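Just so we're on the same page: letters track the sequence lines, and every chain starts at 1. Just so it is clear, the structure is predicted and the values come from calculations on it, not from any experiment. Computed over heavy atoms, backbone and side chain alike; hydrogens, waters and symmetry mates excluded.
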Number of protein chains: 2
Amino acid sequence: MPQKHLVEIRDNPLFASIGAESFAALTRGAYVQNFPPHTELITEGEAADFLHIVSTGCVELFSIWQGRETSMSFQTENSTFILAATIKDLPYLMSARTITKSRVIMIPSQDIRGVFERDSMFAKSIVSELATCYRNAIKTAKNIKLRTSLERLANYILKLHLAQGGRIELELAVEKRRIASFLGMTPENLSRSFAGLKSHGVEMDGQVIKVVDAAKLEEFAHPNALIDG
Amino acid sequence: MPQKHLVEIRDNPLFASIGAESFAALTRGAYVQNFPPHTELITEGEAADFLHIVSTGCVELFSIWQGRETSMSFQTENSTFILAATIKDLPYLMSARTITKSRVIMIPSQDIRGVFERDSMFAKSIVSELATCYRNAIKTAKNIKLRTSLERLANYILKLHLAQGGRIELELAVEKRRIASFLGMTPENLSRSFAGLKSHGVEMDGQVIKVVDAAKLEEFAHPNALIDG
DNA sequence: TTCCATTTTTGATCTGAATCAAGACCGCTA
DNA sequence: TAGCGGTCTTGATTCAGATCAAAAATGGAA
């Protein structure tokens, strides 16, 4: 594996504090692969043979039941999936597909479990990562159960806005129908919701969102750190 | 702390494999308290000062946003809450209230973090518990996003039925309005959903559910281990 | 046993969002 | 530049579930 990928893995908080020998054991059997868009990397129900790390690009985690599909999250640079399945040696609960052309690092799950058994710093990093994943899942559940679809979109935009330092123009990184699915609504409803936010300080121009009145948007959205943080 | 509670804590998988000295360090500052029903034990947004263990009774985790409330889960004997907040030393994302008269063990979070730092078996137990919590949260999110409220109720009943060894009569342990909230619907809709399941092998008699045709219920519910497991 | 407060059920109505359809728009390829 | 496939928007309609109201049922206390 090229040195630059090793550096990249090291930069990931999950691996930043483990010993050199452990790190070698993890990266020895790992490999990197480039995937075109729309490639299914893992399928729910399959054995969790690898822990995946997104090097570049964007990967969508999704799930299907009885012909119905929902987007669960988007994984971008330097994020991993699915640690809980890897650690527990259980089937993946979600599928993953590339949204854009992506480079993905794959580390065999048994290597992860092997190092987890003997490197206590790694175990602690894993604890932190899993706790964060769990808390994020709770925030997502609260968002879905407590808010209308318009409120979910408003808070989604507000969060993007704040994450980009208050910038007025935000460019969506994925297709709107994917965002609709993630927010728990249909593409038609997302389109209508964007229109509905016009009176709350938001304008649309193709893939570009303009937050023309952030205070007004915030007044409508009622962001909450325990959901949106 | 009475010996019987120590045994009880030991029986919890989170604590079963830690060293005696670690165990003593955890239980030294812990205490047990009995609470009547409808007592709020923790409130979302508060600092996570304790890890709670339900000794007897039932505790509901819930959340409120802008006057809207939703039930997130029910914690029964031998379950803990909220490990992720305790470990990360972050505010609770959910509140908790007793549903029935309950006995709850409280362990100071800083004692948990102290032992976590130095007992690698404990760190591993925590990893397992957090991974399970995270996976359960993903299953819940899938249930909410992919299924109608009737389907969620059908699968809820089917799961209870299987958990009780296929017994025909199941007695609900909590009020129906709480279950309605947990399943993401109003009490009125839950009532109508129970009625709707009459043609799928389910009958109601107050707090007692009768699964009179499990095969028929299963045919409608399409249970899936990746959601209901 | 009666009374009271709360929960549950039922009926009527409303609404947010889905579904279906069709046209407009966009990006890519030849 | 034109054509094609896919995405997005808009309109019309349907519907799952919420809301509101009222009656019935339930459990606990006096």
Rounded to whole Å, how long is the line connecting atom CG of A:Asn189 with atom C1' of D:dT13? 15 Å

For D:dA18, does either OP1 or OP2 sit under 4.0 Å from a side-chain N or O belonging to B:Thr186? yes

If you only use heavy atoms from C-beta on, which nucleotide in D:dA18, D:dA12, D:dC8 is closest to the side chain of B:Met185? D:dA18

Please determine whether the number of non-hydrogen atoms from other residues, nucleotides or ligands lying under 6.0 Å from atom CD of B:Glu219 exceeds 12. no

Just the rounded figure in Å: distance from P of D:dA18 to CG of A:Leu146. 13 Å

I'd like to know whether A:Lys142 forms a salt bridge (charged side-chain N to carboxylate O under 4.0 Å, His left out) with B:Glu69, so could you lay out the CA-CA distance, the side-chain angles of the two residues, the decisive distance to 0.1 Å, and finally the verdict. CA-CA 10 Å; A:Lys142 286 168 63 172; B:Glu69 175 173 330; over 6 Å; no

Can you tell me whether the side chain of A:Arg177 and the base of D:dG6 have a donor-acceptor pair closer than 3.5 Å? no

Are B:Arg147 and A:Trp65 packed together at the side-chain level, in the sense that at least one heavy-atom pair is separated by less than 4.5 angstrom? yes

Count the heavy atoms belonging to other residues, nucleotides or ligands that lie under 6.0 Å from CZ of A:Arg167, then report whether that count exceeds 12. no

Considering residues at least two apart in sequence or located in another chain, which fulfil the ring-ring contact (aromatic ring centres under 6.0 Å, His included) criterion with B:Phe74? B:Phe182

Quick one: B:Gln207 CD to D:dG28 P, roughly how many Å, whole number? 11 Å

Spacing between B:Glu171 atom CD and D:dG27 atom C1', to the nearest angstrom: 14 Å

Base, sugar-phosphate or nothing for B:Ser149? Non-hydrogen atoms, less than 4.0 Å. sugar-phosphate

Only counting residues at least two apart or in another chain, list the ones meeting ring-ring contact (aromatic ring centres under 6.0 Å, His included) with A:Tyr92. none

Whole angstroms only, please: what is the CZ-P distance between A:Phe194 and D:dT7? 17 Å

When you compare the side chain of A:Thr132 with that of A:Glu129, does any pair of heavy atoms fall below 4.5 Å? no

I'd like the 5' and 3' limits of the part of DNA chain C contacted by chain B, with heavy-atom contacts below 4.0 Å. C:dT7 to C:dA12

Expressed in angstrom and rounded to an integer, what is the separation of B:Lys176 atom NZ from D:dA24 atom P? 18 Å

Go through the N and O atoms of the side chain of A:Glu175 and the base of D:dC8, and report whether any donor-acceptor pair is under 3.5 Å. no

Under 4.0 angstrom, heavy atoms only, what part of the nucleic acid is A:Gly184 near: base, sugar-phosphate, or nothing? sugar-phosphate

